[in-house]
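Just so it is clear, the model here is predicted, and its values are computed rather than measured. Sequence lines set the chain letters: A, B, ... in the order given, protein chains first and strands last, and positions in each chain run from 1.
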Amino acid sequence: MTLDTVKHAEQTPEAEQPWAELGLKQDEYERIREILGRRPTGAELAMYSVMWSEHCSYKSSKVHLKQFGEKAPENDAMLVGIGENAGVVDVGQGYAVTFKVESHNHPSYIEPYQGAATGVGGIVRDILAMGARPVAVMDPLRFGAADHPDTKRVLPGVVAGIGGYGNCLGLPNIGGEAVFDPCYQGNPLVNALCVGVMKHEDIHLAKASGAGNKVILYGARTGGDGIGGVSVLASETFTDKGPTKRPAVQVGDPFQEKLLIECTLEIFKEKLVTGIQDLGGAGLSCATSELASAGSGGMRVELDTVPLRDATLSPEEILMSESQERMCAIVEPRHVDRFMEICEKWDVIATVIGEVTDGERLEIFWHGEQIVDVPPGTVAHEGPTYHRPYARPDWQDALQADDAGRLPRPRTAEELRDQVLTLVAHPNQAAKSWITDQYDRFVQGNTVLAQPEDSGMVRIDEETNLGVAVATDGNGRYAKLDPYTGAQLALAEAYRNVAASGAQPLAVSDCLNFGSPEDPAVMWQFAEATRGLADACQTLGTPVTGGNVSLYNQTGDTAIHPTPVVAVLGVIDDITRRTPIAFADEGHLVYLLGDTREELGGSAWSQAVHEHLGGLPPKVDLERERLLAEILISASRDGMIDAAHDLSDGGLIQALVESCLRGGKGARVVVPDGLDPFVFLFSESAGRALVAVPRSEELRFTDMCGARGLPATRIGVVDGETVEVQGQFALSLAELREAHEGTIPALLS
Amino acid sequence: MARVVVDVMLKPEILDPQGQAVQRALPRLGFEGIADVRQGKRFELEVEGPVDEAALARIHEMAETFLANTVIEDFTVRVDEPAGAGS
Amino acid sequence: MARVVVDVMLKPEILDPQGQAVQRALPRLGFEGIADVRQGKRFELEVEGPVDEAALARIHEMAETFLANTVIEDFTVRVDEPAGAGS
Amino acid sequence: MTSRIGVVTFPGTLDDRDTQRVVRLAGAEAVPLWHRDKDLKQVDAVVLPGGFSYGDYLRAGAISRFSPVMETVIEQARAGMPVLGICNGFQVLTETHLLPGAMLRNDGLHFICRDQKLRVENADTAWTTDYTAGQEISVPLKNIDGRYVADERTLDMLEAEGRVAFRYLDGNPNGSLRDIAGITNEAGNIVGLMPHPEHAAEPLIGTGRTDGLGFFTSILKKLVNA
Ligand SMILES: Nc1ncnc2c1ncn2[C@@H]1O[C@H](COP(=O)(O)OP(=O)(O)O)[C@@H](O)[C@H]1O
Ligand SMILES: [Mg+2]
């Protein structure tokens, strides 16, 4: 068996290489040869192919993502921007918060439990790598039709995986989404978000500098996980011998990750590392090339020293393995002993695998022979960039012309009432407690708000009551009708949710889930959505701090709805002023904030009652969103409201029912003059919220809204045991609860 | 009634965190000389009627499609010896 | 290296909801004729050195004090036949 | 002199820092104890907090039970030192046989996280004197291996001796025999329960209730009066 060393590669320039099997294009392979001035070795080919993949290089999306930086609003809070493992935001009192949302869609379809579990594991390590203690997770999810048999396989597995991993790490799950639509059949979306907290001085970066500093790999042993692809290489290179089966599925060990977190935080506390990187996609290839290229450039690694779970792994496979629960740290020699002591304390295996050099190459050795000699930047950052063609699909006009306003509407009060029940019982609007009750939301003892509140909120300082809130939103139906507006609506909704719970929105992370970039229609959706999001972030003053792109979510020619999931992070100075959604106090007045227009395109009503998707999504008015947020935040700070709930899918009636059920109190409302009852209840106009105002505060509150120019309409009062729309219908809380809470358990048990 | 046993184990190349945790604990408990531990599942099925070829084939199919997740697990099916080798 | 298998099953009088859930699902999947299902654990231990009386006695003790909780579980220990009855 | 309450951290313990916080809120000094250390640092009582020690691998609590710190805890507990096991801590206590019975997978087979109503059946243990017998409280329940089982004879004995300390109300969440949520030893110094009093100790946090604080004020009074 010949090892494909650098020397060997130089001597055998014409050797056939399986670049196509590894997913590289002819010109990409040529480019690698050009960079190196020779053919790559097998190990180099492995590194380039994985790092230049869509997943790691963002080659189709990069040109569009640039806007997030170019249009980033001035924001003093931004401490670390796009480009690191996660962005970092200043939240005051010396604290910094980091958060990011990522996808693990494809693995979760193949193996729901492990796919989802390792998705949580991956994003938690990104947050940890910034120097932060992870304090909460969230999980925006999309599944196929609720009654499809495969959903019964995928959903329980995904939920158990997220819970199994997150619960075992001790991270409260404070929110997420669960949306069903046939477009996600075969392409479920499993996005995971993690929030972490640190002091400013604890921010760490993925950077290898200082010649002589040690490269330490620590955490789990390396196995053959997630390297289905490279086995091609192994078999090409070592025809006679070599392992055959390599699992494409990664199995997570949350216990190991919990040890990794505590161990790493203790290492940070003693300031023992100069740079750190988690191992995620592309494993060591990614960690070493990124660390080296972000530092001075030189690094030397002895690959034989990597602790293995499977002794038969080839060097290529070790470089590409995606074994979970590993980290890579750059440590000054004088700190190495202490670093090892801490790892030993936590039963974490740690090994010096190399050192930073004063050269400019990443050099990797195997049994004393050099198998990699590359400029690390070319691996990590100089992957190809595509300007993929995009074009507005020809069906877009017809879709938008198919206006939901023309759908038959309820003709009688009785029908209106029935459709309310249909709406709140539809899987997308139904209570998700079957899912969220499998997640620990109390652990760490800092949870202020969690699902089903508008945002998840955690306390970050016990003395001062400083807290942060996060909401994630995304509506693929809106985005399908108009991706530009759909992305903005996702942002607007998350922003509104954060404000509704009393926190000031500060920054954004996003996960862009789309179909194949090779389809110009999908690429157009992507271009429009990124442009829409970047523009809206600029207007709202909330910069994108990082995120993730997931492409190829499609079956055959059919792509999922474009699904930009947007997370907004906010800060609240005093968590005792947080605003819950519950209408809990009899006699408090219910106000509707904002304007209601007839906007039914993409609405929950059109789906729940007519299985229809067509027309235009609701209009976006970002200035109005900002004003609404200001009012919600001031009102909470000054104690003028004691409940608030944003209006989004399902419109006013959905929000009203949720607030009533949550508080265990009914409400009597009247349809405002000039509004059609149906439109009043079901329209999904953006920029609206419901609030409960104690009578004693009414004047102060309406004065404030009036002075700032926000329409505030008194529509009723918290009262009794029914939700009553006067002159139309009354539904008892019991009946509503049964409809709202019965759906998901019935589907899944 | 006959008993059929289906043993389901993680494939050898798949990480088995449970088995590892058990193995690492053994020396601390004073048990040396165990080089590796893998933990799997054992299903005991009480089968009505004769356990013939056809019945075993059905159980095999059941194991493949349901009891084991063949993405990550292997399984074996066997008829239980009447009396086990006692604990 | 020799392999010793320890099977751990819930005592018969203890409710086994996992086994029951499996059993209840079978008819829906089209598998009839399974009267009962119990789910337990299987440990495969790779033993260094000879698996003699003494080694088995130690493994028996390990099972009794650690691998099984005898308040709720029974166990059996046996040396694995070199080649299993194949899946 | 302030009372010293030890809180043990095993690898995989999750609620240690939360428990320390509540110990402090109750007015005692929280002393972190490390699983590898036999030394209990002269604490007056010990809490084994919740979490997934050793990942709950093998059986919840099965591996932790053999840690060095547990050697001393077992010895001291037998000698009368107050010990409270919450959730995973309760599982450790049953694995050590300091408390009878065992914990199994919930009958619904899922992890359950919810606010759970309980009845305090025994208000005379070291950890429950600030409650009254029959008092109903709500504290979060969050586990997947929460089903308490023991043989009939043991259950009858527990009932007869008043050693069922807490019972689930409004429906049995996990199939625990006789709705048992927590038990105590004969002397009343060792208490184990599945629900989490430490997560019901501050207004606005978690469920917003403070029904769990009584565990910590009870022990404090006992120690101060000792
Ligand atoms: N949709 C997006 N919006 C903004 N930033 C993004 C987006 N997708 C990726 N990024 C940024 O690009 C960088 C590389 O992303 P990624 O490869 O996912 O990071 P990692 O390797 O740490 O998982 C990160 O800083 C990430 O935040
Ligand atoms: Mg990263």
Side-chain angles (χ1 to χ4, degrees), chain A residues 107-115 117-118 121 149 152-154 156-157 160-161 164-165 168 219-228 231 243-260 307-313 317 321-326 346-349, chain B residues 4-48 54-78:
Chain A
S108 302
Y109 178 64
I110 300 170
E111 217 306 286
Y113 185 97
Q114 296 296 344
T118 52
K152 289 200 182 61
R153 170 187 75 97
V154 175
Y165 206 98
C168 189
R221 290 173 182 276
T222 299
D225 310 64
I227 51 174
S231 7
T244 44
K245 269 199 246 150
R246 295 297 186 223
V249 177
Q250 305 142 25
V251 171
D253 179 356
F255 171 56
Q256 175 70 249
E257 180 120 325
K258 168 68 178 169
L259 299 184
L260 204 55
L308 300 181
R309 197 171 85 224
D310 174 352
T312 68
L313 291 181
E317 291 174 321
S321 161
E322 298 192 344
S323 283
Q324 301 291 297
E325 293 96 21
R326 298 179 298 163
W346 289 99
D347 293 322
V348 168
I349 298 173
Chain B
V4 173
V5 173
V6 180
D7 286 320
V8 177
M9 300 296 295
L10 284 170
K11 290 180 197 267
E13 67 271 18
I14 298 275
L15 175 71
D16 173 15
Q18 297 224 55
Q20 286 196 354
V22 170
Q23 194 216 339
R24 275 200 303 266
L26 291 176
R28 271 185 281 126
L29 308 184
F31 298 108
E32 303 286 345
I34 306 294
D36 192 25
V37 178
R38 305 277 296 172
Q39 178 174 340
K41 295 177 196 156
R42 173 187 166 94
F43 296 92
E44 295 183 354
L45 314 178
E46 303 300 328
V47 182
E48 291 163 352
L56 279 176
R58 273 188 314 125
I59 292 174
H60 197 279
E61 192 198 332
M62 181 196 303
E64 179 147 25
T65 54
F66 181 54
L67 297 181
N69 173 356
T70 53
V71 176
I72 51 175
E73 293 168 328
D74 291 329
F75 64 92
T76 60
V77 176
R78 64 196 155 76

- Message: Given heavy-atom pairs under 4.5 angstrom as the criterion, report whether the side chain, backbone, both or neither of D16(B) touches chain A.
- Response: neither
- Query: Out of curiosity, I72(B) CD1 to Q114(A) CD, how far, rounded to the nearest 0.5 Å?
  - Reply: 5.5 Å
- Item | Closest non-hydrogen atom pair, I14(B) against R309(A) | C-NH2, 4.1 Å
- Query: Between P17(B) and G252(A), what is the shortest heavy-atom contact and its length?
  - Reply: CG-O, 3.9 Å
- Note on the structure: The reported gap from CD in Q20(B) to CD in Q256(A) (rounded to nearest 0.5 angstrom) is 8.0 Å
- For L15(B), is it the side chain, the backbone, both, or neither that has a heavy atom closer than 4.5 Å to a heavy atom of chain A? both
